[in-house]
Every structure is written in C-alpha cells, then in structure tokens.
Amino acid sequence: MISFVFYLAFLLIFVVFAVYAERKTAAFIQNRLGPMEVGPKGILQTVADLLKMLQKEDIRANAVDIVPFLIAPFIVFAAVFCGYSVLPISSEWTGSAISSGVFFLLAIVSLDVLGILMAGWASNNKYSLYGAMRSVAQIVSYEVPLGLSVLCVIIMNGTLNLNQMSALQDGGMLAWNIIRFPILIIPFIIFFIAGLAESNRAPFDLPESESELISGYHTEYSGFRWGMFMLSEYGMMLLISILGAILFFGGWSSPIADMVSGPIWGAFWLLSKALILVFIQMWVRWTFPRLRVDQLMSLSWKYLTPASILMLFVCSLWKLWIMS
C-alpha cells in the first residue's frame, strides 16, 4: 500500500514537472526560451495547461464505437501503472516483492497494446487506425530485444525478484551490475533504445507522427481522456527509467558504500537515477529525427534482436565461467 500511494502521488507530480522540464530542455537545445509568461520563468505554464485540459468538453465523433472508445485510455493507464506494483522503493518499502517480479512487470505492461488498438479501432478514423497498427507493430517488435536484454541481467544476478537485485548491488557504485559486470553495457544500450520505442518516444513516435497521422491513435480524443494517454506516456517513461536504474545502476543503493541508509535515502537514490535516465530520453527526443517505418522495424529485427540474442549467449558463458 505504501508503494502504491507513493508511486501514484509521485507520478502525478512528476508529469507536471516533466512536461515543463521537457519544454525547457527542448528550448535550450533549439536555442529558444520556452515557457516564460505564466509564473516565474514559466513554471506554472503546465498547471495552466492542465486546468484548461480538464475543463475541455469531452467531444466524441458520431461514428465512434462508444464503449471501447471510452475505456481505452483507462486500460492503457492501468496496464502501465500496474507495472509499478513490483518496483521496490527502498530496502524497507519493497513493493509487491513477488519472486517473478521482472516477468510480471513485462507481461502486465505489454497489455497497453490492447488499449491502444481499441482506441484506434473504436475511433472509426483511418488516421487513428493507422497509428494504432503502427503502435502495435512497434511495441510487439521491441518487446523482444527489451525482454532479452532484461534476461541478460537475470542470468548474471540469478533472480527475478527486483528487490533481491537491488540488495545484491548494495555496497557502493562498484557493486552495481553495469560496473561489476561490464558485459552488461551493451544490454543496457539495447534496453534503453527498446524502452524509447515501448514508450512511443521520439525518434520512435511514429504511432502519433503529427506530420503524417495528425495525432495517431488518439486523434479523436480531447480533454481528460487525451490527458490519460499523455499520463500513460510519461508514466511509461518513468517506469522504464526506474526499471533501468534497478537492473543496471544499483536501484535504491547509494553510490558510496556504507553511506547513511533508510527508506527516504533509498527512495532518493532510486528516483535520482531514474530522473537522470528520463532527462536522457528527453535529450534524445529533441536531438534525433524521427525514423521511417522501415527503418524502425529494421532496427529491431535486423540489429537489436540479433545483438540481444548474442549478448544473452555471451552472458550465459560468462556466468558459467564465474561459477566454475
């Protein structure tokens, strides 16, 4: 319950500040100012946009399939937020410490595809349907290298429990997986790229590419329901970042051995690492151009998937060598 309340509250606060931070990051990269008018340095601009969004009329086209159209945003958000249930915050706040936590997370989060497909189909709009089909193809394709890169970490740690993984890395920066097992650097790169695609973030934002599909699968949505899709996207960003911090960068452990510990410090270190990864995702979005559809699929099936299979084989040999 503590983990549920913590992550729900943090996610809502995170989205408000992350939207502002992304606008400012984009402005800095593109040599402009970004929001400046509402509040000091524009810090209240996101709050103003949020209030405006919540007051918007819930417009629905006449030809939509009403039931799946209305519930699709909530299915997407529920699938993403359920993934937080197995994420440990600290050594004391362990979340749902089930023995197969990693597999549960990957399985439950993949259900967001159903909500996206429902949204595209129920909108009765060709642009929405094209965006939904793109998203399904993209997410299913990139789940393969993502899962294989996670499997590399599982082999090296010998557990599926995320809390145990964090505990195994407690002891300073030198105990983190990515430093203790340098071979995991390549799986981390694969994990990060596949995570961008899973989040529908640029340069993998083809499902909602505004230059081709207006807004993709949520073209027909407005107001609160459109906000649910945006909340899910930023929630997925944070989820992938926290998972990456746990798998590769020590989770809730501090970078200095024998440092002051406790639930507050554990949460601080975990979220600090995750927010750094979130910033890198924003940096990538405003640096690289969008891929074409054929480039997107080629990157997954021709490069990332073979590379992740090779790294899985190499990690298995490394583990056998260590055990022997």
Side-chain angles (χ1 to χ4, degrees), residues 83-91 94-110 142-198 238-259 261 266 269-274 276-277 280-281 300 303-324:
Y84 285 88
S85 62
V86 294
L87 295 179
I89 304 170
S90 66
S91 56
T94 59
S96 180
I98 58 178
S99 57
S100 56
V102 178
F103 280 171
F104 172 84
L105 189 152
L106 295 178
I108 197 71
V109 167
S110 65
Y142 280 86
E143 278 176 354
V144 177
L146 180 74
L148 291 173
S149 63
V150 171
L151 199 54
C152 292
V153 182
I154 293 171
I155 288 174
M156 303 307 288
N157 285 268
T159 179
L160 299 172
N161 189 314
L162 290 169
N163 194 50
Q164 290 181 10
M165 285 188 188
S166 298
L168 288 171
Q169 300 174 78
D170 192 16
M173 188 181 297
L174 296 179
W176 295 357
N177 280 333
I178 203 164
I179 296 177
R180 189 162 49 122
F181 307 117
I183 199 171
L184 291 178
I185 293 175
I186 296 176
F188 168 69
I189 295 172
I190 296 172
F191 172 87
F192 185 78
I193 295 173
L196 286 175
E198 289 287 302
L238 183 62
L239 179 66
I240 289 291
S241 299
I242 294 177
L243 180 60
I246 294 172
L247 294 177
F248 298 97
F249 297 101
W252 40 258
S253 64
S254 68
I256 302 172
D258 301 324
M259 197 172 179
S261 60
W269 288 118
L270 175 64
L271 296 177
S272 297
K273 298 167 188 175
I276 291 173
L277 293 177
I280 296 174
Q281 291 186 52
S300 174
Y303 300 99
L304 295 185
T305 299
S308 57
I309 293 173
L310 176 62
M311 291 310 302
L312 184 63
F313 178 70
V314 173
C315 288
S316 302
L317 293 179
W318 183 299
K319 186 67 174 180
L320 288 173
W321 177 70
I322 292 176
M323 294 177 65
S324 62

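The residues of the chain are indexed from 1 along the displayed sequence. Excluded from the calculations below are hydrogen atoms, water molecules and symmetry mates; all remaining heavy atoms, backbone and side chain alike, are included. Computed from a prediction, not measured in an experiment: that's the story for all the values here.
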Give, for atom [atom1] of [X] and atom [atom2] of [Y], the distance between the pair rounded to the nearest 0.5 Å.
| X | Y | atom1 | atom2 | answer |
| --- | --- | --- | --- | --- |
| Ile240 | Leu196 | CD1 | CG | 9.0 Å |
| Leu243 | Met165 | CG | CE | 8.5 Å |
| Ile246 | Ser166 | CD1 | OG | 5.0 Å |
| Ser110 | Glu143 | OG | CD | 5.0 Å |
| Leu277 | Phe248 | CG | CZ | 10.0 Å |
| Leu304 | Ser149 | CG | OG | 9.0 Å |

Just so I know, are the side chains of [X] and [Y] near enough to count as touching, which here means a heavy-atom distance under 4.5 Å?
| X | Y | result |
| --- | --- | --- |
| Ile89 | Leu271 | no |
| Ile190 | Tyr303 | no |
| Ile183 | Cys315 | yes |
| Trp269 | Ser90 | no |
| Arg180 | Met156 | no |
| Val86 | Asn161 | no |
| Gln281 | Ser241 | yes |
| Cys152 | Phe191 | no |

For Phe103, enumerate each residue passing the side-chain contact (heavy atoms from CB on, under 4.5 Å) test, keeping only those at least two apart in sequence or located in another chain.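 Here the qualifying residues are Leu151, Ile154, Leu160.
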Only counting residues at least two apart or in another chain, list the ones meeting side-chain contact (heavy atoms from CB on, under 4.5 Å) with Leu174.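 Partners of Leu174 under the side-chain contact (heavy atoms from CB on, under 4.5 Å) test: Ile179.
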In terms of the angle between their ring planes, are Phe188 and Phe249 parallel, tilted or perpendicular, with boundaries placed at 30° and 60°?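 Rings of Phe188 and Phe249: perpendicular, as their planes differ by over 60°.
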Please report the closest heavy-atom contact between [X] and [Y], naming both atoms and the distance.
| X | Y | value |
| --- | --- | --- |
| Leu105 | Gly83 | CD1-O, 3.4 Å |
| Ile242 | Tyr84 | CD1-CE2, 4.1 Å |
| Phe104 | Ser85 | CE2-OG, 3.4 Å |
| Gly147 | Leu106 | CA-CD1, 4.3 Å |
| Trp176 | Gly250 | CD1-CA, 3.5 Å |
| Leu146 | Ala194 | CB-CB, 3.8 Å |

Any donor and acceptor pair, going by atom type alone, linking the side chain of [X] with main-chain N or O of [Y] inside 3.5 Å?
| X | Y | value |
| --- | --- | --- |
| Asn157 | Thr159 | no |
| Thr305 | Ser300 | yes |
| Tyr142 | Gly195 | no |
| Asn177 | Leu247 | yes |
| Lys273 | Ala245 | no |

Going by side chain to side chain contact (heavy atoms under 4.5 Å, CB included), Met173 matches just one of Pro255, Ser253, Ser254. Which one?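 With Met173 as partner, side chain to side chain contact (heavy atoms under 4.5 Å, CB included) holds for just one option, Pro255.
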